[in-house]
Amino acid sequence: MRSVDREDGPLKVTGAAVYAADHHPDRLAYGYLLTSTIARGSILGMDTGQAAKAPGVLALYTPFNPVKLYPYAKEENAELTPPLQNTDVRYYGQAIGLVVAETFEQARDAAALVITRYSAQQPRASFTDGLPSAAPPPSGTPVVDVLAPGVTSIDQALAAGDVTLTATYSTPVETHVAMEPHATTAFWTADQLTIYTATQGVRLVVDRLTETLGIEAAKIHVINPYVGGGFGNKWGMWAHTPLTAAAARALGRPVKTVLTREQVFSVVGHRPPSSQTVSLGAAPDGTLVAVKNDGVSGKSASNNFYEPVANLSLVLYGSANLHVSRKVVTLDVPVTTIMRAPQESNGSFALESALDELADKLGMDPLDLRRKNDTPIRPSDKLPWSSKHLQECYTMGAERFGWSRRSSKPGTVTDGDWLVGLGMATATYGASRGQASIKVRLRDDGRAIVSGTAADLGTGQSTVFAVLTADGLGIPVGRVVPQLGDSATPPAANAGGSGSTSTNGPAVQLATDAAKAAMVTLATEHDKSPFKGQEVTFSNGEIRGGGREMPFGDLLTLLDVPAVEATATSPRSPVRDHAFRSFGAHFCEVRVNRWTGEPRVSRWLCVVDAGTIVNPKTARSQIAGGIIMGIGQALLEDLRIEPETGRFGNATMADYLVPINADIPDIGVEFLDYPDTLLSDLGARGIGEFGIVGAAGAVANAIYNATGKRIRDLPITLDKLL
Amino acid sequence: MTSGDLSRRRFFAQAAVASVGMTVPMSVEPGAPEADGLVEVAFTVNGKGERLRVDPRITLLDALRERLELTGTKKGCDRGQCGACTVHVDGRRVLSCLTLVATMDGKRLTTIEGLAKGDRLHPVQQAFIDCDGFQCGFCTPGQIMSAVAVLREGHAKSDEEIREAMSGNICRCGAYPNIVEAVKQARS
């Protein structure tokens, strides 16, 4: 595998990449969202008189003067109902109006003039208070038991363990904080809608707008080639998008609405808080005999998304007896939604911490305990893993990181004022291959265009397209032009679930082959072709045959044909007798100041077995990014709800802390190279979520090793270490 | 006190009144906003002279993006917390979201669009590509404008110093280690 610079690099470093908020159609008007200032109740009235008279105001939509939006037909990980269609308030910061004005300043200031009267009720806003009355989930089985023959309950299996451990781990509300605030620019040409909107998949927006605007999909063109980060938060379509589209239709002019950063915290969803009570039972040699995880997730009253946080305990380590349960605490808070490695990032923090605690009780090295319970089958259903090389990850990581220098006695390694600890955890994420269609077009200028509705959120997906197309055609990567994020192109995978490359990659390869075949047909059948009637091949970007070779662009030019193209569809994986998942190992060093308790991550290494890595350069960055988000989860991130008001109290980028440059050391990333050929010929499994899974657990384990303090409640802030 | 200072104070006074939305008639003074409430401001952006009549409430960031259609400069928070809107004013790095464009009279601005010389990228821009110092690219213009200034200020002597000096620019994709490498490459 060779490393390639991002194909969109020159655009992104010069400010020329155009994001959703960067569009400026003629006669553009500006939308500004009004949001609720209570968490539960209803709106009695909205005094819009002053605002409507304010300079530049074009329209003011509220539940009392709404734009018509039809109910959503399908349930997504977002709002269940479109905005402004009734006076209900379900959370603090809910969209309750849209002001449209000639300028942004006019819209913003007019919004401040609206006075809203509510009938307010006390919100349910404390996850902790709700835990005793946690209820079965709205979807999924409440309990899964996998028990060995003759075992009647997980507790019986646990009791048979020579060494047992039970502990409860909790995680707070976290949120994505993608750098690009959600933005939508919409305009209509007759009955045709063109919409630039930040999304992880343009098809998702088409589907949703079709439902709520009540128009055919063919009338909706969604364009979003550059996305300023997503992490799950741009999968759902949120309130500002249909409002902006409908307002543009009503006003007969383009409208742009960009959420303020504060609005991003409430309007577009967050990762729910969680609690997991983990019990492990082991034989004296460390063999797990029982794994039990009772998981509880927060869930917004506004939708049904929750994290079945315990699920990872069903698949990560071998044990003859497994039990997980799923419960929810329903809260009057903004919408709960998917965030990078939903359920598994939280699930791994609990499981990896518990394993470390068990190792301590057993007097075992935590790495040895994990080695001991590595398994070639998926424990929940006994299906063999398609391609698992976790032991090699452990070995390579331990060696390169210097794991043998870890002191088994916590709190014994110091460096000046700093207590130094090492920790590790298993990294993992599931893999799949869905259906995708891709088009490859070979042009007479010698370039190839590869297109599909995929999204590049910063993942490097467009560069992956370029690499695979270039490799298939035998031309330099720079001669491939990827076109992503356009709903007019063939339906490819949206960016989510670490499934982009595993799903779209094979389709790019098929489409490239199909385009080559189309080129060969043209070469051998076109009347003016010098290759007419000959046996030819396509290699190194050239048609070859009859002792002659010609670059495809030259041949197209000669024949006066602008391009040939082909679209191919790669089906979803038919394999049902194997399970697919990536594995790896995190190793980290954390320093804790002995006087202030401040924790600092000082070293990191992650060894990754994720199948084929198409472009190691961008893949390394993506894994490191996941780890860095995991460091944030471990040490910083905590979106606080005021119990009285249901308001997020720290909904700014200065108050909801995410890692900054000074928080992050060098991050080492090593890839094994084992193509997963059972998943696809390409053999790529996907890496978007992988890095964050296990990262917080590794940090917590290193902090225990440094200080002897086991912190089971994220984030691990210095007050917990004093 | 210069006349620039005087008029700046009036801009703020007008901005404060306007932001609560009251339509109070303003007394006309020399150098004050004109009857329509707009103020005139002239400055250079990337070497090109610009003259705008603007709402005194408009920030430099919104003026660049919505009036001059220089959308390379990004709005990540609009509160001076993320660094995505960093530009250079008279050679110094400035958060354009916390700067009213009305204060830019006579100033010399450089934005991300003005860094390259034609097709030749600025060494920092090239280093960001070489070192993969970005993923989604949204914070990148601000990161690069900060990096150029940090290097010029001599605040890039060690990895630690680079990390500290670049910490006003948040990158949620987590490109930090590569950004440090890019600054080092550009330094040498």
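Letters A, B, ... mirror the listed sequences (proteins, then strands); counts begin at 1. Note: hydrogens, waters and symmetry copies are ignored here, and every other heavy atom, side chains too, is used.
- Most heavy-atom pairs under 4.5 Å with chain A: of the set B/Gly76, B/Pro177, B/Gly174, this distinction falls to B/Gly76.
- In this structure the side chain of A/Thr652 never reaches within 4.5 angstrom of the side chain of B/Arg79, judged on heavy atoms.
- Residue contact with chain A, scored on non-hydrogen atoms closer than 4.5 Å, involves the backbone and the side chain of B/Asp132 alike.
- Between the CD atom of A/Glu102 and the CG atom of B/Asp55 there is a distance of 12.5 Å, given to the nearest 0.5 Å.
- Contact of B/Leu115 with chain A is not made at all, since no heavy-atom distance falls under 4.5 Å.
- A salt bridge does not link B/Arg163 with A/Asp663: every distance from a Lys NZ or Arg NE/NH1/NH2 to an Asp or Glu carboxylate oxygen is 4.0 Å or more.
- Within 6.0 Å of CD on B/Glu164 lie no more than 12 heavy atoms contributed by other residues, nucleotides or ligands.
- Heavy atoms closer than 4.5 Å to chain B are found in both the backbone and the side chain of A/Val177.
- With a 4.5 angstrom heavy-atom cutoff, A/Tyr226 does not touch chain B via any of its atoms.
- Among the candidates A/Ile628, A/Ile631, A/Val13, A/Thr459, the residue making the largest number of heavy-atom pairs closer than 4.5 Å to chain B is A/Val13.
- In this structure, the portions of B/Asp130 lying under 4.5 Å from any heavy atom of chain A include both its backbone and its side chain.
- The SG atom of B/Cys77 sits 7.5 Å away from the CE atom of A/Met179 when rounded to the nearest 0.5 Å.
- Sparse packing is recorded around CD of B/Glu160, with 12 or fewer heavy atoms of other residues, nucleotides or ligands lying under 6.0 Å away.
- B/Glu66 contributes atom CD, which lies 8.5 Å from atom CG of A/Asp22 (distance to the nearest 0.5 angstrom).
- A/Pro10 touches chain B through backbone and side chain together, each having a heavy atom under 4.5 Å away.
- Note on A/Ala178, A/Ala51, A/Ala662, A/Ala183: by heavy-atom pairs under 4.5 Å with chain B, the leading option is A/Ala662.
- Rounding to the nearest 0.5 Å places CE of A/Met653 at 5.0 Å from SG of B/Cys82.
- Interface residue B/Arg65: backbone and side-chain heavy atoms are both found under 4.5 Å from chain A.
- B/Cys173 SG to A/Met629 CE: the interatomic distance, rounded to the nearest 0.5 Å, is 7.5 Å.
- Top candidate by heavy-atom pairs under 4.5 Å with chain A, chosen from B/Gln126, B/Glu181, B/Gln125, B/His122, is B/Gln125.
- For the atom pair CD1 of A/Ile660 and SG of B/Cys171, the computed distance is 12.5 Å after rounding to the nearest 0.5 Å.
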Assess whether side chain to side chain donor-acceptor pair (under 3.5 Å) is satisfied between A/Ser621 and B/Asn178, documenting all intermediate values.
CA-CA 8 Å; A/Ser621 297; B/Asn178 294 355; 3.0 Å; yes

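- Looking only at side-chain heavy atoms (C-beta outward), A/Lys12 and B/Phe128 stay at 4.5 Å or farther from each other.
- Nearest heavy-atom pair across B/Phe138 and A/Gly228 is CB-CA, 3.9 Å.
- Within the 4.5 Å cutoff, the side chain of B/Arg172 has no heavy atoms near those of the A/His176 side chain.
- The minimum heavy-atom distance between B/Met166 and A/Asn661, with the atom names listed, is CB-ND2, 3.8 Å.
- Of the atoms belonging to A/Ala16, not a single heavy atom falls under 4.5 Å from chain B.
- With a 4.5 angstrom heavy-atom cutoff, A/Ile664 touches chain B via backbone and side-chain atoms both.
- With a 4.5 angstrom heavy-atom cutoff, A/Gln106 touches chain B via backbone and side-chain atoms both.
- Looking at B/Ile129, the atoms closer than 4.5 Å to chain A (heavy atoms on both sides) sit in the backbone and in the side chain alike.
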Apply salt bridge (charged side-chain N to carboxylate O under 4.0 Å, His left out) to the pair B/Asp78 and A/Arg261, showing each step before the final yes or no.
CA-CA 7 Å; B/Asp78 217 14; A/Arg261 176 55 64 181; over 6 Å; no

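- Contacts between A/Thr14 and chain B at a heavy-atom distance below 4.5 Å involve backbone atoms as well as side-chain atoms.
- In terms of heavy atoms, A/Gly229 sits closest to B/Cys136 at N-CB, 3.3 Å.
- Residue A/Glu105 is tested with B/Thr59, B/Val54, B/Ile58 for a side chain to side chain contact (heavy atoms under 4.5 Å, CB included); the sole match is B/Ile58.
- Of the listed residues (A/Gly230, A/Ala17, A/Gly632, A/Ala21), the greatest number of heavy-atom pairs within a distance under 4.5 Å of chain B belongs to A/Ala21.
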